[in-house]
Amino acid sequence: MVNFPFSFLLYLFSFILPIICALISPNCQAQINDFGFIRNQNIEVLDYNGNNCNYAWAGGMNSVRFSEIDIDRDGIKDLFIFEKNGNRILPFIRLGDSNFRYAPEYVHCFPKLHDWAILIDHDGDGKEDIFTYGLAGITVYRNISEESLAFELITEQLMSNYYGNLTNIYASPDDYLAIADIDGDGDLDILNFWALGMYVHYQKNWAMENHGRCDTFDFKLEDECWGKFHEGEENNEIMLFSDCGNDGSKRTRHIGSSMYVIDYNNDGLTDLVLGDVDYPGLLLLTNGGSQSEALMVSQNPDFPNANTPVRLYSMPAVNFLDINRNGTPDLIVSPSDPSLKKSENINSVWMYEYNSSTQHYELTTKSFLQNEMIDVGSGALPVLHDWDGDGLLDLFVGNFGRYDSSKLINGFLTSYYSSSITYFKNIGTSEQPKFQLISEDFGGLRQHGFTSLYPAFADFNNDGLTDVLCGTEDGSLTLFLNNGTQNNPLFNNPTMNYENINVRYNSAPQLFDLDGDGNVDLLIGNRRGHISYFRNVGDNQYPSFVKITDTLGNVDVRDYNMSYFGYNTSLFFKNGNGETVLFCGNEKGTVFYYKNIDNNLDGEFELVLDVMHELEGNIRRNIREGAHSAITVADLNNDGFLDLIVGNWAGGLTYFEGTRHPDSTVGIRPSLSLTNFTVYPNPCQHYFQIDFNENIQEECCLLLYDLQGRLVLSQTIANRDIIHVSHLHRGVYMGITHSSKVKNNFKIVLIE
């Protein structure tokens, strides 16, 4: 065996890494993008009554948690909203006491967060820091903002002293724990559920006692059964004055609870508001003990008042914050169940305001901010089609469904949804689209109880009226024939299992002339992430479809790091050169882009991008608007550029106006060049950062390999992003950053 010196290996890697990048990860290579998109929130959308929807394109809300933070650094607290369904951040800038502006340009100022996020000032500098889910624990970012918003990683795992040993404070991705100054000593403590459920652990922070300051963490498990209560093993009952398992019993329960601590009755003691998975209510547990020894002495299941208690499936989570700036905190409630198919999804952001006369919190709305967005429930599926023949494309939005009801079956919650199609008529002009809500249940299709109705429009029986062919969750197609008029459609009972076509779950049909014979063919995306191709062997008056393949173009939009499914919502269309191209939405929420389709229907389509970009000034950002993206494309303002509308699981839409493609806009060169850059800290322990030391404003692909040439990390980064590597073994790794503009090779050393 020949032993090569380490310096030679480094030299060799500097040449072979670009080749490895090309061979192993072609999707991460820099590509010249043929499309440019700029987020546009100024396209007007009106409700039934002609009122403007101020946050129409904010993307909807299902399960959200609110925090306050000064986002634009003007000295006034704004709203930070974290959407659990898709890990979305929704910044709202405060314009007045009750007025806000949706400000997505600040999303990229926050680190990438997932599962839950709680913003609270831990170091006493007046700036909210971020506590978020880490790997079975809590990750913390410090707010280091000065003139602009910025954060730095403090720790990937908060540690606590458990019986003389330091270990991570356990957190579940499904729970909302409580972070507050429980004992009133000036530093933040934590309440978290025991890993097997039932009991609340009190993690006391000894920072003030041991160090004299609050800007550090010194946690110790102070109480294994804080408040002396436990939760029921198979329901949401609370047992007060618990023996906390001292009788030798080994109780366990399902995981999933939300907690919020507040001195609700102003007696100087910390009370607890508790929600539970599979249940719609909130319990107020009143503390009758002391600051050092909590004891819950009563419970109120009708929180916050008996007339309109919270009843919001499932696992409601509560926040207290002063929305209207009247000096009294308001109460915001939203579901936090981790399942995508259990919670209410239309009226799912309840707001209670305190009435000083009645001394009660009173319900003022069930859809705070949500009622001014396009929000169709869960799983927005947009399609553009000129229904009324006026030459303007109208907007139709199918969905997975709107919440109907829930019930417990054998101790587990089952929720029911029914799908509908929302119709927005384009009342604008050919140069300026403008949409008005006409119907939230176009054609009355919701009555049939389908889920995941995905519409395609055509005249299927040659009677001069447009019919609707819908994909459904079970993978079949359902045809609704129009027996009314174009202005007043009347659909027959559905023709189910149209032509016995079934693509095995979540059919997403499109009618498009793929083979260029003048007749529309049937293309169907599906849950497996592929596209099925059915050629029209009839004609456009009386179509008849024959299956050609279930794996058209070898398209596959699955991300195996997420699941074994792809939920492909495919859209074929012609680009400005008359070439057929393909966009695909998918489960992870990006937009795939394929070309090389014409005259290649038996071959493999060329994947250009697996993440389509938007332009923000001179910066390219990934379009990722939440889980389960679905797309529609058209030139809605007649400027020669195709516009893009993206739906997501939270039931909302985002509008991207077409513009010149990014390589022309930001001056991207076709050849790659080296640039000065710094990797630090190096050696590192848990993370490192890359500073390009130049005005490099586009995102790059980062690839990290071990010395055996195995790819161990692949992700998209921007300048000075934090790259977490604590999951890797200690040793030497070779890296490459690669974009359309620059490439760099580097070495990073991971140490204990």
Side-chain angles (χ1 to χ4, degrees), residues 9-33 108-109 111-112 150-153 559 561 590 607-624 662-663 665-728 731-750:
L9 287 175
L10 294 181
Y11 176 77
L12 182 63
F13 257 77
S14 70
F15 285 95
I16 67 172
L17 273 176
I19 300 173
I20 293 174
C21 182
L23 293 178
I24 297 180
S25 300
N27 298 346
C28 211
Q29 297 180 79
Q31 299 281 355
I32 297 300
N33 182 11
H108 302 285
C109 298
K112 293 180 174 63
F151 298 88
E152 69 175 5
L153 178 69
D559 181 350
N561 293 319
T590 64
L607 176 58
V608 181
L609 292 170
D610 60 2
V611 184
M612 181 60 69
H613 301 129
E614 64 168 304
L615 291 172
E616 186 180 294
N618 287 329
I619 303 174
R620 294 201 298 185
R621 304 288 192 189
N622 291 338
I623 293 178
R624 193 187 296 265
D663 58 295
T665 305
V666 299
I668 297 171
R669 297 186 295 272
S671 59
L672 301 181
S673 62
L674 295 174
T675 184
N676 293 322
F677 79 119
T678 304
V679 178
Y680 62 94
N682 192 6
C684 70
Q685 289 181 302
H686 304 296
Y687 70 94
F688 66 89
Q689 293 179 257
I690 297 178
D691 186 344
F692 289 106
N693 298 333
E694 291 185 7
N695 191 24
I696 306 300
Q697 296 179 310
E698 65 173 309
E699 294 182 325
C700 300
C701 171
L702 167 69
L703 300 171
L704 205 63
Y705 297 88
D706 64 19
L707 289 182
Q708 284 72 48
R710 294 173 298 197
L711 180 67
V712 297
L713 180 67
S714 174
Q715 69 182 70
T716 302
I717 64 167
N719 195 15
R720 297 180 182 174
D721 271 358
I722 294 172
I723 297 97
H724 299 286
V725 290
S726 58
H727 63 288
L728 299 178
V732 179
Y733 293 85
M734 307 304 300
I736 181 171
T737 60
H738 199 280
S739 74
S740 59
K741 198 170 184 180
V742 297
K743 70 175 181 181
N744 293 287
N745 301 329
F746 64 93
K747 176 185 70 173
I748 187 76
V749 180
L750 275 61

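Given the structure is predicted, the values throughout are model-derived calculations rather than measurements.
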| field | Residues Arg621, His613; criterion side-chain contact (heavy atoms from CB on, under 4.5 Å); working and verdict | value | CA-CA 5 Å; Arg621 304 288 192 189; His613 301 129; over 6 Å; no
Measuring from [X]:[atom1] to [Y]:[atom2], what's the distance to the nearest 0.5 Å?
X: Ile722; Y: Leu153; atom1: CD1; atom2: CG; value: 5.0 Å
X: Ile623; Y: Leu615; atom1: CD1; atom2: CG; value: 9.0 Å
X: Tyr680; Y: Asp691; atom1: OH; atom2: CG; value: 5.0 Å

| task | Could you tell me whether the side chain of Asn682 and the main chain of Val749 form a donor-acceptor pair under 3.5 Å? | result |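 Between the backbone of Val749 and the side chain of Asn682 there is a qualifying donor-acceptor contact (under 3.5 Å).
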Can you confirm whether [X] sits close enough to [Y] that some side-chain heavy atom of one is under 4.5 Å from a side-chain heavy atom of the other?
X: Thr590; Y: Asp559; result: no
X: Ile723; Y: Leu704; result: no
X: Glu614; Y: Arg620; result: no
X: Ile619; Y: His108; result: no
X: Phe746; Y: Thr678; result: no

| field | Closest non-hydrogen atom pair, Cys684 against Val725 | value |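 The answer is SG-CG2, 4.1 Å.
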